[in-house]
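One structure below.
Each chain gets a letter, A, B and so on, in the order the sequences are listed, and its residues count up from 1.
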Amino acid sequence: MISSSGSAPQSAPDSTRANGDTDPVAALSAVSFRYGARGFALELDALAIAPGERVAVIGASGSGKTTLLHLLAGLLVPARGSATLTGIDLVRAPLAARAALRARVVGLVFQELELLEHLDVIENVLLPYFAVPALRLDSAARARAAALLARVGLGDKLRRRPHALSQGERQRAALARALVTEPRLVLADEPTGNLDPATGRRALELLLDEARRTGAAVMMVTHDHSLLPHFDRTVDLDTRTRAEGPTC
Amino acid sequence: MLSGRFLLAVRHTQRHPGRSVVLVLCLAAAIFVPLSAATLMQRYERDLGARAAGTPLLVGTRGSRVELVLQALYFRAAEVQGLTWRDFEELTGTGRGLCVPLHVGCRAQGRPLVATTPEYAEVRGLALREGTDPLRIGEATLGAGAARALGFGVGDTLHTDQEESYDLARPPSLALRVVGVYEARGTADDEAVFVDVKTAWAALGLGHGHVAPEEVDEALIVSRAPGSVRLSGALVEHAALDGEAAASFHLHAGAAGLPLSGIIVVPHSPKDGTLLRTSVESSRALQAVVPSAVVDELLGLVLRVKRFFDLVGGLLAVTTAVLVALVWTLSSRLRAAEMRTLARIGAPRSTRWILYGLELGLVLGCAVLLALGGVALTMAVMPNLLLQS
């Protein structure tokens, strides 16, 4: 019941090929999820994301784009079917294990960015290290955060608070936070939705460049069809037809 | 990793100064009030107890035991009359202990004038920082606090106070030569001016000295006759008991009938103490009290009042706890989005409670430090009420 169109298929990143790791980073199979007894339901036949793959998710509002991301991140657990993250069964894993796995493997970019106002920019980027005991906050992590912020153009604003940044700068800080743990999968929920087209495109390019550099797979929800050529394939939750293109 | 979460807690506390300050102040007040009351009580208990314990037996006229003890131990003015030098001589005559006479009631430049004998310093363990004990009439030895407050040392002169300015029959203010200063002891002795008993009687107008006619300014002599000199009304009364005046000092009554406030008795043995007490108690006019027993009685009364304050402190603590809980509940609702973000990026469920606990700990820590600082300041700044007369 899911569509996957290869509008602009691109090759997988070199880093993935080099180590020969072709097992999907995340996969859903015969999944069914419903909010409450009569709430919105999402049903998926199969979806797999290969290492380094870039996948766009499109669909009308309420079609289940955010739900799909949450299922892949282990934030939601399907009622039926299987969901795996780096081969680990999310359905059977307890909440704490799913959280720990998510912290290690997934980088999340939220539509509302969700930067904490009481932290400055670099502290926001390092938030996963502050909040997750499994992640070790060391000098390497701090250097990585500073380098990421420098690459996204915020190197001179490390000590600014989020409210002192423009929307585009906040967006870039949120991208840096999603990437600082060097995740294998970045899930971005309409990160360019609140940006003007030019700023949104720059943000997307930054995200994809950083993901390519680290070999991370990216799945991004977007309403902007002009961005689709940047992705290897597109999952369209509206057409519900299986289209051609690389699938895992 | 606690340090990361600790940083998150610190940042949240820092970046919400209004809420944090209100909570710290409320908690600090809830801690400060009972703690300062308890500390002050403890100080008074300790001071009262130690001073009373150093005074085995106290003899005075019948009446309020508490007044007698407070007058003798803390030099507080009280209407305790009837004890005389004769009583002191009789007690000394029994040979059952060291007797130290005390006269309290006069003041010298705002300080209590304590008339006694050199044995008082021995009983109280007062050591001289400089000079000597007041051995002669007109001499004074200052407690350390009095010397510091007045800025006086050996060789200076201070004057007794005249409280009834419009009483023409009042005795003149007496000039006292400072002959010594005691080491500080942290007791009421520090604030007192010690003199010989006769000096106190002179200050009361019960004795005086005379000036040689040749020492009087000629301009104030109206006429001379054999054996007498008529002086001008402009002559200021002589108020110093030194030189000729000290040599000519005399009492206008027998010393035996002159007043004392109390007699400290240090019995040679428990048996002597018991016999002395029995002897004194058989007298209709006198009583012998054990100051530590009176102080215990007094503290018992004060402790009952303290229980009330403890209750008030408890209510304050409960009210503050409810306020803190309310603020935290409202705050947690406002922070729902923040907690959701933390959960989404993989923070364990316990993170919320750990953060709340750390923040509460930070606020509580600041409040405790503030309260302790307040208590220390109070103890340093607040005068010892026992030394106030």
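- Of all the heavy atoms in I345(B) and A131(A), the pair that sits closest is CD1-CB, 4.4 Å.
- Using a 4.5 Å cut-off between heavy atoms, R349(B) contacts chain A through its side chain alone, with no backbone atom that close.
- Atom CZ of R148(B) is surrounded by 12 or fewer heavy atoms from other residues, nucleotides or ligands within 6.0 Å.
- Between chain A and the options L355(B), L342(B), L8(B), heavy-atom pairs under 4.5 Å are most frequent for L8(B).
- Interface residue L119(A): backbone and side-chain heavy atoms are both found under 4.5 Å from chain B.
- In this structure, the separation between CG on L127(A) and CD on E338(B) is 8.5 Å, given to the nearest 0.5 Å.
- The part of E123(A) that comes within reach of chain B is its side chain, from C-beta onward, which places non-hydrogen atoms under 4.5 angstrom from that chain.
- One finds the CD atom of E117(A) at 11.0 Å from the NE2 atom of H12(B) (value rounded to the nearest 0.5 Å).
- Taking a 6.0 Å sphere around CZ of F309(B), one finds it holds 12 or fewer heavy atoms contributed by other residues, nucleotides or ligands.
- Residues of residues 94-105 of chain A lying within less than 4.5 angstrom of chain B, judged on heavy atoms, are L95(A), A99(A), A100(A), R102(A), A103(A) in numerical order.
- In this structure, T341(B) OG1 and E112(A) CD are separated by 10.5 Å, a value rounded to the nearest 0.5 Å.
- What you find for R15(B) and H118(A) is that their closest heavy atoms are NH1-O, 2.5 Å.
- Taking a 6.0 Å sphere around CZ of R80(A), one finds it holds 12 or fewer heavy atoms contributed by other residues, nucleotides or ligands.
- R11(B) contributes atom CZ, which lies 7.5 Å from atom CZ of F130(A) (distance to the nearest 0.5 angstrom).
- Considering all non-hydrogen atoms of both residues, A343(B) and L75(A) come closest at O-CD2, 4.4 Å.
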